[in-house]
Amino acid sequence: MARLQPVRGTHDILGEKAIRFRTIFEIFKNVAERYSHQEIDTPIFEFTETFKRTLGDTSDVVTKEMYTFEDRGGEQITLRPEYTAGIARAFISNGLQQSTPCKFYSFGPIFRYERPQKGRMRQFHQMDLEILGVEEPQADIEVLAVAADFLNDLGIGKHITLELNSLGDPESRSDYRDALVHYFTGHKGKLSEDSLKRLEKNPMRILDSKDDGDRELIKDAPRIADFYNQSTKDFFKMVIDGVEALDIKYVINDRLVRGLDYYCHTAFEFTTDQLGAQGTVLAGGRYDGLMEMMGGPKTAGIGWAAGMERLAELIADDLLIKQNRPVVVTPVGAEAQIPAMKLAHDLRVAGIVVDMAYKGNVGKRMKRANKQNASFAVLLGEEEMARGVAMVKNLDQGSQEEVSLSQISDYLKGKG
RNA sequence: GCGGGUGUAGCUCAGUAGGUUAGAGCGCCAGAUUGUGAUUCUGGAUGCCGCCGGUUCAAAUCCGGUCACUCGCCCCA
């Protein structure tokens with residue numbers, strides 16, 4: 001038993017969990033298509049270079065979290081640790097710059113070699129939404145609207161806060177970064193060990209620190225809004241005005257940052273306090289610099305990803321897709337086996353969900369039917385066959401009546 | 001990569017001044033009911049007490065290691 005465990009940080013999805021996943025995906029798909037997004041499914045692995053080049057050599061994802069291996073042809077392959085790079089690659093591979101704007105959605109597994117904990121797995125699943133080729137803030141607004149609608153349709157909107165920030169255009173962002181480095185370098189002695197490393201690699205991340213000492217310093221650190229140039233201010237105002245017009249609740253969080261260089265302007269996270277340390281349920285931002293960094297044509301982009309496992313913990317039970325209750329066909333006696341199978345088949349062809357056990361006497365089969373939460377049992381024995389009928393039992397009420405074989409499917413559909 | 005907690009039946013868990021045959025509930029199987037489920041009653045099987053080693057006449061119990069799960073840090077969905 002001990003050896004037949006799933007690989008650390010992976011989980012089997014079955015039973016109620018599978019239903020939760022499907023429920024959430026259906027709702028996601030429904031919302032995305034309402035906004036006229038198209039499905040795209042890219043491979044779950046890409047050349048390692050695709051992720052390395054876009055995520056940067058200093059990011060944690062690239063330096064220690066990728067599942068990378070050499071395939072039999074000697075290619076360096078990586079299981080995707082995020083969606084955007086693969087979709088951007090597909091955009092370029094398929095020459096889609098001809099057809100912008102592209103509005104995509106996708107769903108599937110993501111892989112990161114991390115220490116598992118609540119809401120954090122090595123294989124997990126994300127729903128992803130992207131708009132490619134739109135520089136206007138209207139795309140930012142729309143993408144936020146999809147997210148808000150999605151969470152509302154899941155019935156969890158009220159437990160979730162939208163945190164919004166602007167990282168500015170490259171110029172604003174670079175000025176701010178310099179100011180931050182200058183400020184924190186002046187207080188090096190008071191920074192936590194982790195933040196000293198961040199100062200080297202990714203200074204904006206210091207703003208995220210949970211260390212008390214760091215937080216004291218952060219209070220007086222330069223604020224990003226003071227470094228916005230006019231075009232950044234205009235852009236961000238458009239986004240905020242749009243979000244307000246659509247009545248989407250939000251708070252500005254100017255400590256919300258993205259470490260990677262290709263991010264700019266809008267950055268956002270939808271968070272909850274109901275999941276322990278991993279409170280982010282959906283997050284994204286604008287990445288106008290990404291395509292060029294990959295060697296493609298300069299193309300704007302904005303999008304987000306939502307964590308399936310985290311959402312699955314939040315949704316209410318009554319939201320789950322109802323399972324179809326089966327009708328159970330039960331032969332009585334050996335001679336009824338084949339005729340019962342024929343009856344079951346006819347009902348299935350007629351579109352009814354039917355199950356028939358493979359063995360057992362009537363008592364066993366009825367017990368099994370009950371465990372399956374069957375709605376009806378259809379019993380077929382010698383007596384019924386002689387008269388061209390079957391005994392149809394309502395398992396909720398315990399009542400039963402004979403129904404002519406030719407009318408059973410209509411009878412069951414009428415009651416179902 | 002770093003720190004805390006926990007590993008006993010399919011599931012939820014009892015079980016320590018170390019002691020003989022390791023327990024309960026739920027679930028599962030069988031029978032009462034060989035043409036009728038749920039309820040009820042009767043009976044049954046649950047198991048290398050995570051794994052390896054040590055202490056001891058004797059270890060589920062004490063010690064060391066290891067693995068897994070879990071919570072947090074880091075990072076992220």
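In what follows, chains carry the letters A, B, and so on, assigned in the order in which the sequence lines appear, proteins first and then strands, with residues in each chain numbered from 1. Predicted model only: the values in this text are computed from it and were never measured.
Of the N and O atoms on the side chains of Thr161(A) and Thr271(A), not one donor lies less than 3.5 Å from an acceptor on the other residue. In the model, Asp169(A) has a side-chain atom that pairs as donor or acceptor with a side-chain atom of Ser172(A) under 3.5 Å. Looking at Thr280(A) and Glu269(A), their side chains do bring a donor and an acceptor atom within 3.5 Å of each other. The closest side-chain donor-acceptor pair between Arg198(A) and Ser195(A) falls under 3.5 angstrom. Checking Tyr67(A) against Gln123(A) by side-chain atom types alone, no donor-acceptor pair falls below 3.5 Å.
Proximity of Arg365(A) to the phosphate of G37(B): no side-chain N or O atom is located under 4.0 Å from OP1 or OP2. Not one side-chain nitrogen or oxygen of Arg120(A) sits closer than 4.0 Å to the OP1 or OP2 atom of U70(B). Contact check, Arg310(A) against C76(B): no side-chain N or O comes under 4.0 Å of OP1 or OP2. For U70(B), neither phosphate oxygen OP1 nor OP2 lies less than 4.0 angstrom from any side-chain nitrogen or oxygen of Gln117(A).
Residue Arg368(A) is the one, among Arg368(A) and Pro116(A), whose nearest nucleotide of RNA chain B lies closer to the 5' end (criterion: closest heavy atom). When each of Gly279(A) and Pro6(A) is assigned the nucleotide of RNA chain B bearing its nearest heavy atom, the one mapping closer to the 5' terminus is Pro6(A).
Rounding to the nearest 0.5 Å gives a distance of 8.5 Å between CD of Glu309(A) and NE2 of His11(A).
Nearest heavy-atom pair across Ala305(A) and Gln126(A) is CB-OE1, 3.4 Å. In this structure, Ile40(A) and Ser106(A) approach most closely via the heavy-atom pair O-OG, 2.6 Å.
Few gaps surround CD on Glu46(A); more than 12 heavy atoms of other groups in view lie less than 6.0 Å from it.
Rounded to whole Å, the distance from CG on Leu196(A) to P on C73(B) is 20 Å. Rounded to an integer number of Å, the gap from CZ of Arg112(A) to P of C75(B) is 13 Å. One can place CZ of Arg80(A) at 13 Å from C1' of A77(B), the figure rounded to the nearest angstrom. The separation between Glu114(A) atom CD and C73(B) atom P is 13 Å, rounded to whole Å. Rounding to whole angstrom units, CZ of residue Phe270(A) and P of C76(B) are separated by 19 Å. The CG-C1' distance, from Asp273(A) to G72(B), rounds to 17 Å in whole Å. Following rounding to the nearest Å, Glu163(A) (CD) and C76(B) (P) show an atom-to-atom distance of 15 Å. Rounded to whole angstrom, the span from the CE atom of Met121(A) across to the C1' atom of U70(B) amounts to 13 Å.
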task = For RNA chain B, produce a single dot-bracket line, 5' to 3'. Pairs: Watson-Crick or G-U wobble, both distances under 3.5 Å. Symbols: ( ) within strand, [ ] crossing, | other strand, . unpaired.
result = (((((((..((((.....[...)))).(((((.......))))).....(((((..]....))))))))))))....
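Comparing the C1' positions of U56(B) and C62(B) gives a spacing of 10 Å, expressed to the nearest Å. Comparing the C1' positions of C11(B) and G1(B) gives an interatomic distance of 34 Å, to the nearest angstrom. Nucleotides C67(B) and C52(B) place their P atoms 15 Å apart, quoted to the nearest Å. With P as the reference atom, U16(B) and U6(B) are 16 Å apart, rounded to whole Å. Taking atom P in both A14(B) and U55(B), one finds a spacing of 31 Å when rounded to whole Å. If you take atom P in G72(B) and the same atom in A60(B), they sit 34 Å apart, rounded to whole Å. A distance of about 34 Å separates the P atoms of G23(B) and U66(B), rounded to the whole Å. Look at the P atom in both C28(B) and U39(B): the space between them is 9 Å, to the nearest Å.
Residue Ala305(A) is in sugar-phosphate contact alone, with no base atom involved, counting any heavy-atom pair closer than 4.0 Å across all strands shown. In this structure, Gly9(A) reaches the sugar-phosphate backbone alone: every heavy-atom distance under 4.0 Å involves primed, P, OP1 or OP2 atoms, never a base. Base engagement by Gln278(A) is indicated by at least one non-hydrogen atom pair under 4.0 Å involving a base atom.
Between Tyr228(A) and Phe236(A), the two ring planes are perpendicular [angle over 60°; tilted spans 30° to 60°]. In this structure, Tyr176(A) and Phe227(A) have tilted ring planes: the angle between them lies in the 30° to 60° band. Taking the six-membered ring where the residue is Trp, Phe270(A) and Phe268(A) present perpendicular rings, their angle passing 60° and hence far from 30°.
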query = Hey, mind stepping through Arg34(A) and Asp153(A) against salt bridge (Lys or Arg N to Asp or Glu O under 4.0 Å) and telling me if it holds?
reply = CA-CA 12 Å; Arg34(A) 235 186 287 154; Asp153(A) 285 0; 2.8 Å; yes
task = Heavy atoms under 4.0 Å is the rule here; annotate nucleotides 25-36 of chain B 5' to 3' with B where the base is hit, S where only the sugar-phosphate is, and - elsewhere.
result = ---SSSS---BB
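An anti base is found at A32(B): its glycosidic angle is more than 90° from 0.
Contacts of residues 280-290 of chain A with RNA chain B (heavy atom under 4.0 Å): Thr280(A), Val281(A), Leu282(A), Ala283(A).
Distance from the side chain of Arg115(A) is smallest to C71(B) among G37(B), C75(B), C71(B).
Side-chain atoms of Cys264(A) and Arg173(A), non-hydrogen and from C-beta on, never get closer than 4.5 Å to each other.
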